[in-house]
> 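Right, I'll just put the structure down here and ask away after.
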Amino acid sequence: MEIIFIERLKKARKYIRMGILLALLVCVLFLIGFGLLFTYAKVAGPPPLSVPQTVTFYAQDGSVIGEMSHGEKRYWVPLKDISPFLTAATVSIEDQHFYQHHGFDGKRIGGAIVADIKAGAKVQGASTITQQYARNLFLGHDKTWERKIVEALYTVRLETNYTKAQILEGYLNTIYYGHGAYGVEAASRFYFGKSAKDLTLAEASVLAGIPKGPTYYSPMDHLDNAKARQKLILRSMVRDHKISQKEALSAQTVALSFGTKPYIEKQQLAPYFVDSAKAQLINELKIDPDMIKTKGLKVYTTLNPSLQKIAEETVRSTVADYSDIQIALTAINPNNGQVQALVGGRDYEQSSFNRATQAVRQPGSTMKPFLYYAALKEGFTPSTEMKSEPTTFTMADGVSKYTPSNYNNYYADGPITLAQAIALSDNVYAVKTDMFIGEKKLIETAKLLGISTPLKEVPSLALGTSGVKQVEMANAYGILANGGKEVKPSFIQRIETYDGQTVYEEPIQHKQLLDPKVAFVTNQLMTGMFDPKLNDYTSVTGTPILKQLSHDYSGKSGTTLTDSWMIGSSPELTTAVWSGYDDNREMTSPPERKYTKEIWATFMEKALRNQGASSFSTPKGVVGVLVNPDNGKLATPTCPVARLTYYVKGTEPTEYCTEHLHHKKAKKAKPAPEKHWYNSFWDWMR
């Protein structure tokens, strides 16, 4: 017996040694495997965490004015901006050992394997938050062993290269909560009309239960299921010592409202502007398309909500409801080109076609300031005279004829000055000027000012017969108003990623594009449409709105058979208004032609009502002298009208008007002293 016992003992020792060796071998293999897996994770590096995110557009005051999604409505928010109730509820119900494991929960895996073996199929999940995150980022949701292996590799890479906080933040920002809402912020806005950081315990415990089955546990579709799941989650939070039993019971009894307070209401303000900002983001700024899609961009636009509301209300209250005429309005800061307000049509829902940025329409006489800038560069002055009378021009071919006419066939039947010609919008003077300086000069000037549409080299171009875009016309007038500095129409000031990284900032340096002296004189000539002193035989073109105006403005109106325009500036704001029909039919009703001036005057006055009096800054090299507007000569005390008119220094008139001297000898006048900045300041103080 003793021998048998000894033999059995020897065999037992042999098996024990073999077991120990086998265990050691398993441990070594496990360590080697773990080391290889760890090495793979490090060599492979962190997997990309990019997912489609919604781009959000903000106005100047920080209010949200629009969004742009890429198939998934998602707003990425940092973990610190998510309610702690929601993070605690999610961890408790989805992965209670999240902070202890390294991507895999051994106990849950063992239980799931047993259940799968018994069923003979993949029936039970044991996925941790990290595994679910890996699946959401890189894989499908089919329940196969092959997918689980790939998922495990991604899980190791996530756990090796990211912190628990980063993983939890990513998970909460990527999971699907139903009804098209991806991530906690979109879900919180959709279900409760608030940001994820403001969720209460009752709300968070309902929201945390939805990803298990977004349709089955949606509180909007199946409230009973959602409440049952909420109860389970609150119990798990008590178990994990995240809340007390009393807090759980209280949360269960709170009556919640769902879907009654949308976080962002249907876009009501500036829909045409938002479309323009989207177009600039995608087509002009050269932002990487993947960044637009995945970085949750915050686009800070140039829109001034107060001015936008004034613009929309002015259009709405001015135009008759029964009319199907269209209106477009563009308001720009002339000093930087930023679009402050934009109306692209009367009803965005009926037509999203943007008449401010997309339509090409005949500008009429609003083209003339470009012509007269070119003429001043070629030696004209505000006092340059030409006859205003019916005139037929013979074209370069020696055969073709062209006979322009003035509005209502009003002519001076004698000489008028350039200052009068622009104030009265004399067409004969304009065509004569265009042909005198050469038709290419107007085209060159228009292009220099940013007009991109092709312009026809014909005499009628001076009267605005070639189509242009409103936003470009507004910007061109802004350049004249700012003294000739180059600015371009912009809708976006700054772009940031969801985590605050700046990817675009609007340039602030603007080169000198025009001669500042000539630009100033041109802009001052454009104040003439609001000055009745300039003529006594017919009204200046701004007469219908003079009583409404309380600020200093430069401007020009324009009318064709199919289009009506008014464009004008103060030192702070340039606004263009257009009206016409989409089908290009003629405007036959007199009130239709008045809309542009009425809208422009009302908008500008309301927009500037809180602004103090201001005037355009006079550059060095410009002088102002009192002249008789009827002949452009220096005014005498006996002249019935004397108007302060500006000239490039050295081109001002030196001869007195002799028509009212009553045989008194004329004498050479001294030009008025240059107007310095402190003179303007003193005038303002008075």
Side-chain angles (χ1 to χ4, degrees), residues 310-311 313-320 323 325-331 343 346 361-369 388 405-412 416 419-427 429-430 463-464 470 473-474 477 523-570 573-581 586-609 629 641 643:
I310 293 172
E313 173 56 31
T314 301
V315 170
R316 189 162 45 247
S317 62
T318 303
V319 183
S323 174
I325 198 169
Q326 286 294 342
I327 304 290
L329 181 151
T330 302
V343 176
R346 291 177 60 196
R361 307 291 302 216
Q362 291 184 349
S365 293
T366 58
M367 185 65 70
K368 290 175 182 175
S388 170
S405 61
N406 285 345
Y407 182 67
N408 284 338
N409 289 312
Y410 279 123
Y411 301 91
I416 61 172
Q420 289 177 311
I422 191 170
L424 304 172
S425 201
D426 191 282
N427 290 337
Y429 192 107
L463 310 184
Q470 186 192 75
M473 290 294 287
Y477 272 58
N523 194 60
Q524 285 297 317
L525 285 171
M526 294 161 63
T527 65
M529 75 168 289
F530 306 113
D531 190 349
K533 292 180 181 179
L534 272 163
N535 200 63
D536 58 5
Y537 78 90
T538 188
S539 299
V540 293
T541 54
T543 299
I545 54 174
L546 287 182
K547 292 181 179 179
Q548 295 176 245
L549 306 182
S550 61
H551 291 72
D552 289 337
Y553 297 112
S554 63
K556 188 73 190 75
S557 58
T559 305
T560 70
L561 293 175
T562 58
D563 302 88
S564 178
W565 293 73
M566 177 63 209
I567 313 176
S569 304
S570 72
L573 191 65
T574 297
T575 299
V577 182
W578 165 88
S579 69
Y581 290 98
E586 291 185 15
M587 291 184 288
T588 57
S589 171
E592 292 178 335
R593 298 182 181 277
K594 297 179 181 179
Y595 284 146
T596 52
K597 287 178 182 176
E598 291 176 5
I599 291 171
W600 181 87
T602 302
F603 173 78
M604 291 295 282
E605 285 295 305
K606 288 184 177 180
L608 300 173
R609 60 189 166 195
V641 179
R643 184 177 189 267

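The figures that follow rest on heavy atoms only: side chains count, while hydrogens, waters and symmetry mates do not. Bear in mind that the values here come from a model prediction, so they are computed numbers and not experimental data.
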> Apply side-chain contact (heavy atoms from CB on, under 4.5 Å) to A421 and list each qualifying residue two or more places apart in sequence or on a separate chain.
Y372, I416, D426, Y429
> What residues, two or more places apart in sequence or in another chain, satisfy side chain to side chain donor-acceptor pair (under 3.5 Å) together with W565?
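None.
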> Please report the interatomic distance NZ(K556) to OG1(T527), rounded to the nearest 0.5 Å.
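These two atoms lie 12.5 Å from each other.
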> With S554, which residues qualify under side chain to side chain donor-acceptor pair (under 3.5 Å), at least two apart?
N523
> Identify, with sequence neighbours excluded, every residue that meets ring-ring contact (aromatic ring centres under 6.0 Å, His included) alongside Y553.
W600
> Looking at every heavy atom in both Q470 and A328, which two are closest together, and how far apart are they?
NE2-O, 2.9 Å
> Between the side chain of Y477 and the main-chain N/O of T366, is any donor-acceptor distance below 3.5 Å?
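Yes, because the side chain of Y477 sits within donor-acceptor range (under 3.5 Å) of the backbone of T366.
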> Atom OG of S570 and atom CD of E605: how far apart are they, to the nearest 0.5 Å?
9.5 Å
> Show the nearest heavy-atom pair for residues S425 and T541, with the distance to one decimal.
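Between these two residues, the closest heavy atoms are CB-CG2, 3.8 Å.
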> Quick one, N427 with K368, criterion side-chain contact (heavy atoms from CB on, under 4.5 Å). Give me CA distance, side-chain angles, the key distance, then yes/no.
CA-CA 9 Å; N427 290 337; K368 290 175 182 175; 2.7 Å; yes
> Does the side-chain contact (heavy atoms from CB on, under 4.5 Å) test come out yes or no for S388 and Q420, once each step is laid out?
CA-CA 10 Å; S388 170; Q420 289 177 311; over 6 Å; no
> Say you draw a straight line from OG of S323 to CE of M587; how long is it, rounded to the nearest 0.5 Å?
10.5 Å
> Looking at every non-hydrogen atom in both residues, tell me the closest pair between A474 and A576 and how far apart they are.
CB-CB, 3.8 Å
> List the atom of I567, the atom of M473, and the distance in Å for their closest heavy-atom pair.
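For I567 versus M473, the nearest heavy atoms are CD1-CB, 3.8 Å.
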> Working to the nearest 0.5 angstrom, can you tell me the gap between T318 OG1 and K597 NZ?
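Rounded to the nearest 0.5 Å, the OG1-NZ separation comes out at 15.0 Å.
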> Run the side-chain contact (heavy atoms from CB on, under 4.5 Å) check on F530 and I545 step by step: do they pass?
CA-CA 8 Å; F530 306 113; I545 54 174; 4.1 Å; yes
> Which heavy atom of D563 sits nearest a heavy atom of Q362, and at what distance?
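Closest approach of D563 to Q362, heavy atoms only: CB-O, 3.4 Å.
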> Check whether any side-chain heavy atom of V319 sits under 4.5 Å from a side-chain heavy atom of I325, and report yes or no.
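Yes, side chains in contact.
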> Are any non-hydrogen side-chain atoms of Y595 and S564 less than 4.5 angstrom apart?
no
> I want to check something: taking the side chain as every heavy atom from C-beta on, are L424 and V540 in contact at a cut-off of under 4.5 Å?
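Of all side-chain heavy-atom pairs linking V540 with L424, at least one is under 4.5 Å.
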> Looking only at heavy atoms, which two atoms of R346 and I327 are closest? And how far apart?
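Nearest pair, atom of R346 first, then I327: CG-N, 4.0 Å.
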> At what distance, to the nearest 0.5 angstrom, does NE2 of H551 lie from CE of M604?
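Rounded to the nearest 0.5 Å, the NE2-CE separation comes out at 9.0 Å.
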> Quick check: do F603 and L573 have side-chain heavy atoms less than 4.5 Å from each other?
yes
> What's the separation between atom CD in E586 and atom CD in E592, rounded to the nearest 0.5 Å?
11.0 Å
> With a 4.5 Å limit on heavy-atom distance, are the side chains of Y581 and T562 in contact?
no
> Report the residue from I599, T596, T559 that forms a side-chain contact (heavy atoms from CB on, under 4.5 Å) with M566.
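In the set I599, T596, T559, the residue that makes a side-chain contact (heavy atoms from CB on, under 4.5 Å) with M566 is T596.
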> Who are the side-chain contact (heavy atoms from CB on, under 4.5 Å) partners of K606, not counting sequence neighbours?
I310, T602, R609
> D531: which residues meet the salt bridge (charged side-chain N to carboxylate O under 4.0 Å, His left out) condition with it, sequence neighbours left out?
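With sequence neighbours excluded, D531 shows a salt bridge (charged side-chain N to carboxylate O under 4.0 Å, His left out) to R643, given in chain and number order.
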